Amino acid sequence: MSVWAAHKTRRSFGCYADTAFEHHPNIRDLSSSPAYHLVNNFWLPQDHQQPFWNTGPATAFPLHFINQLQNQPVHLEDDDAHEDSFDHGDNFGLLSTGSAVVGSTLFHHGYGRKISIKEAVPKARRMLKKHMQEIGAPGLVVGVSIDGHVVWTEGLGYSDFENSLPCQANTVMRIASISKAISMTIVAKLWEQGLLDLDKPIQEYVPEFPMKTFEGHPVTITCRQLVSHLSGIRHYSKTKKTDEEYLVDPPQNIDKKSRDEKKPTVLAKYNEFDEKEYYLKESFPKVSDALKVFQDDPVLVEPGTEFLYTTYGFTLLSAVIESVTKRKFTENMKDLLRDFDMTNTFLDEHEPIIHNRSRNYRRDKLGRLKNAPYVDNSYKWAGGGLVSTVGDLLKFAHLLLYAAQVRNPSDKPGYLKAETLERMWTLVDHTKKNKFVENGYGMGWMVVPERFVGGWCLQQPHVVYHTGGAIGASSVLTLLPREKNVMSWDEYPNVQDGKKPPQGIVVTLIVNLEQASLYKKSVEIAQLFDRVDIHH
């Protein structure tokens, strides 16, 4: 019997296939079966007798869930994905609609029925397939973990649309600005070791970087400002941009008389993907070469006073890392990836053969799928120059969660100190766009602080995440740390109800399409898997 036919067949044990295009999952079933089942849209105890008119099963699980490998995470290779807004590339300052939406996402921790992995994965897959249809993504890869256990990795759609090559769980894609969070780990380690002072002027580490002035007065730029986007250094535009609508000139393809008569009242929103510097094809062998792209430009805001998202700020940080370590930044990054066992994470170089690397795509103004243009990302290794897999990003999240939560001296120490992670994952002053948004920036990470309204009201958990937007790709890595009392970092448990760190939900999504909105969807999936209890 073919795979398709098998999935269309109803078995005596009462399971239906979720779709005819599902293959072999890699899902770790660590939970018991649910105590309830669905009958006519009502959850009833399993011993409840179904009425005769309910001819189908209470829940529709794919057949392949029946034959799972015990204690081995599995990888789904399959072709099933809502969002109101686009993550405008890796410009955090311009994605307030998408990134602040978590403030309106209801997290009722402790409320609602517990579910099993078998229920959560098909539902999440349907959510993602619908989302892929909405945003027009050729391919998507998802990874989810609960308390350090990888419970779901899967590729949906195509990594190479032209040649019909499907996405796999190990498909390699551009992760864009998630590179900033990884680079921040190098900075944090040097800071812990006393080799880097975050508050010294940048020129003490990179003397060739010009001194800056703002409104005629000299200003100081520090590493602390760089890691929180408070330095005033520009992004891809040489002028300060907002996400507000602005006036543009009349079209150029009309005659001069009509053009003179037509007033410039066409509304358009700034899109950083229109900036020429996104499309650099020149190779920058040295970080010092990349600094020349922006180092002579003025700061756009006074350092330390206003949030201005900047990838170039992390290019400057990579120069600081080289100065402190006396080694190339790329060598420091490769050492870190080796130590973290992130064997499928690489510099986004064109010439090396990287197995399972995806093609990159974009949509034109008519919505047609196009190959993304060639770009060289060597001018921003630290801020947006890596490719990776969801498996490697989950590893990265786990080691940081562990480091943030481990407290018992008898346990192995984390790569970073818990106090360091506390500072990295705490909202920094002046990084919120305005008082009405929940999210801001920590140190190398975007942060949504915990907020409790009242019983049966919104319970907003502490969320740590980073989005990414590159030419031909978009990404998100979202962490929901489990905290015994999220009102205080000091109350992080080392052992909570017999559980050891890392504790929390991690969701990562990567698509091979630029300007795709992913953050809100990652939060919805995290919310779903937060209801899964893998320990009982």
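All of these numbers come straight from a predicted model, not from anything done at the bench. The first residue of the sequence shown is numbered 1, and numbering continues consecutively from there.
Each of His462, Gln459, Glu438, Gln460 was checked for a side-chain hydrogen bond (donor to acceptor under 3.5 Å, both in side chains) with Arg451, and the lone residue meeting it is Glu438. The residue from Asn344, Asp341, Thr345 that alone fulfils the side-chain hydrogen bond (donor to acceptor under 3.5 Å, both in side chains) condition with Lys395 is Asp341. Under the side chain to side chain contact (heavy atoms under 4.5 Å, CB included) test applied with Ile510, the options Ile178, Leu393, Val142 reduce to a single match, Leu393. Exactly one of Phe314, Phe307, Tyr309 qualifies for a ring pair (Phe, Tyr, Trp, His ring centres under 6.0 Å) with His235. That residue is Tyr309.
Using a distance-only test at 3.5 Å, with no hydrogens or angles considered, a donor-acceptor pair links the side chain of Asn512 to the main chain of Tyr158. Remark: the backbone N or O of Val476 is paired with a side-chain donor or acceptor of Thr508 at under 3.5 angstrom. With hydrogens and angles disregarded, no donor-acceptor distance shorter than 3.5 Å links the side chain of Asp160 to the backbone of Ser164. Remark: side-chain polar atoms of Arg368 are not paired, donor with acceptor, to backbone N or O of Lys365 under 3.5 angstrom. Using modelled atom types, no side-chain atom of Lys114 and backbone atom of Val532 make a donor-acceptor pair closer than 3.5 Å. Judged by distance alone, the side chain of Gln405 and the main-chain N or O of Gln503 form a donor-acceptor pair under 3.5 Å. Not one N or O on the side chain of Asn163 forms a donor-acceptor pair closer than 3.5 Å with the backbone of Leu165. The backbone N or O of Thr171 lies less than 3.5 Å from no partner atom in the side chain of Arg357, so there is not a single donor-acceptor pair. With hydrogens and angles ignored, the 3.5 Å screen pairs a side-chain donor or acceptor of Glu514 with a backbone N or O of Gly472. Here the side chain of Tyr465 pairs no donor or acceptor atom with the backbone of Ser522 at under 3.5 angstrom.
Separation of atoms OG (Ser318) and CH2 (Trp381) is listed at 11.0 Å; rounding is to 0.5 Å. Between the OH atom of Tyr236 and the CD atom of Glu272 there is a distance of 6.5 Å, given to the nearest 0.5 Å. Taken from CG in Asn170 to NE2 in His355, the straight-line distance is 11.0 Å, to the nearest 0.5 Å. Taking NZ of Lys123 as the reference point, atom CD of Glu119 lies at 9.0 Å (rounded to 0.5 Å). From Met443, atom CE reaches atom CZ of Arg423 across 8.0 Å, with rounding to the nearest 0.5 Å. Annotation: the span from Met342 atom CE to Ser388 atom OG amounts to 4.5 Å, rounded to 0.5 Å.
Between Val141 and Leu509, every side-chain heavy-atom pair lies at or beyond the 4.5 Å cut-off. The shortest distance between side-chain heavy atoms of Thr478 and His466 does not fall below 4.5 Å. Annotation: side chain of Ile115 is in contact with side chain of Leu528 (closest heavy-atom distance under 4.5 Å). Two residues are said to be in side-chain contact when any heavy atoms from C-beta on lie closer than 4.5 Å; Leu386 and Phe346 fail this criterion. With a 4.5 Å cut-off on side-chain heavy atoms, Leu513 and Arg363 count as touching. Considering only heavy atoms from C-beta on, Val506 comes within 4.5 Å of Leu477 through its side chain. At a threshold of 4.5 Å between non-hydrogen side-chain atoms, the residues Val387 and Ile175 do not count as touching. Side chains of Val464 and Met446 form no contact here, defined as non-hydrogen atoms less than 4.5 Å apart.
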(request) Assess whether side chain to side chain donor-acceptor pair (under 3.5 Å) is satisfied between Asn271 and Gln515, documenting all intermediate values. (result) CA-CA 10 Å; Asn271 184 344; Gln515 302 190 72; 2.8 Å; yes
(request) Tell me, with the steps shown, if Val447 and Asn439 meet side-chain contact (heavy atoms from CB on, under 4.5 Å). (result) CA-CA 6 Å; Val447 177; Asn439 63 301; over 6 Å; no
(request) Give the C-alpha distance, both sets of side-chain angles, the deciding distance and a yes or no for side chain to side chain donor-acceptor pair (under 3.5 Å) between Lys180 and Ser177. (result) CA-CA 5 Å; Lys180 292 181 175 68; Ser177 284; 2.8 Å; yes
(message) Set out, in order, the CA-CA distance, both residues' side-chain angles and the distance that settles side-chain contact (heavy atoms from CB on, under 4.5 Å) for Phe529 and Ser145, then state yes or no.
(response) CA-CA 9 Å; Phe529 280 86; Ser145 70; over 6 Å; no
(request) Go through the steps to decide whether Thr431 and His229 satisfy the test side-chain contact (heavy atoms from CB on, under 4.5 Å), and finish with yes or no. (result) CA-CA 8 Å; Thr431 62; His229 302 281; over 6 Å; no
(request) Given side-chain contact (heavy atoms from CB on, under 4.5 Å), test Gln168 with Asn356 step by step and report yes or no. (result) CA-CA 8 Å; Gln168 312 284 344; Asn356 304 309; 5.5 Å; no
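The heavy-atom pair separating Ala372 from Ile471 by the smallest distance is CB-CG2, 3.9 Å. For the pair Ser228 and Val428, the tightest heavy-atom approach, listed with the atom from each and the gap, is OG-CG2, 3.7 Å. Summarising the geometry of Pro481 relative to Trp425, their closest heavy-atom pair is CG-CZ3, 4.5 Å, with the distance given to 0.1 Å. The two residues Leu427 and Gly440 come nearest to each other via the heavy atoms CD1-CA, 3.2 Å. Shortest non-hydrogen contact noted between Leu480 and Ala526 is CD1-CB, 3.9 Å. Contact between Ala470 and Phe273 at its shortest, heavy atoms only, is O-CE2, 3.5 Å.
Under the 30°/60° scheme for interplanar angles, the aromatic rings of Trp445 and Phe396 are found to lie parallel.
The number of heavy atoms from other shown groups lying within 6.0 Å of CG (Leu366) is above 12. Summarising the local packing, NZ of Lys281 is surrounded by more than 12 heavy atoms from other residues, nucleotides or ligands at distances under 6.0 Å.
With ring centers used as reference points, Tyr374 lies 6.0 Å or more from Tyr279. Between Phe340 and His398, the ring center distance fails the sub-6.0 Å criterion.
For the pair Lys189 and Tyr415, the cation sits on the ring face: its NZ or CZ lies under 6.0 Å from the ring centre, inside 45° of the axis.
Looking only at atom types and distance, the side chain of Tyr270 has a donor-acceptor partner in the side chain of Glu275 under 3.5 Å away. Ser159 and Ser358 form no side-chain donor-acceptor contact under 3.5 Å, judged by distance and modelled atom types alone. Inspection of the Tyr278 and Lys380 side chains reveals no N or O donor paired with an N or O acceptor under 3.5 Å.
Arg174 and Asp348 are joined by a salt bridge, as a carboxylate oxygen and a charged side-chain nitrogen come within less than 4.0 angstrom of each other. Ion pairing of Asp530 with Arg482 is present here, as a side-chain N (NZ or NE/NH1/NH2) and a carboxylate O approach within less than 4.0 Å.
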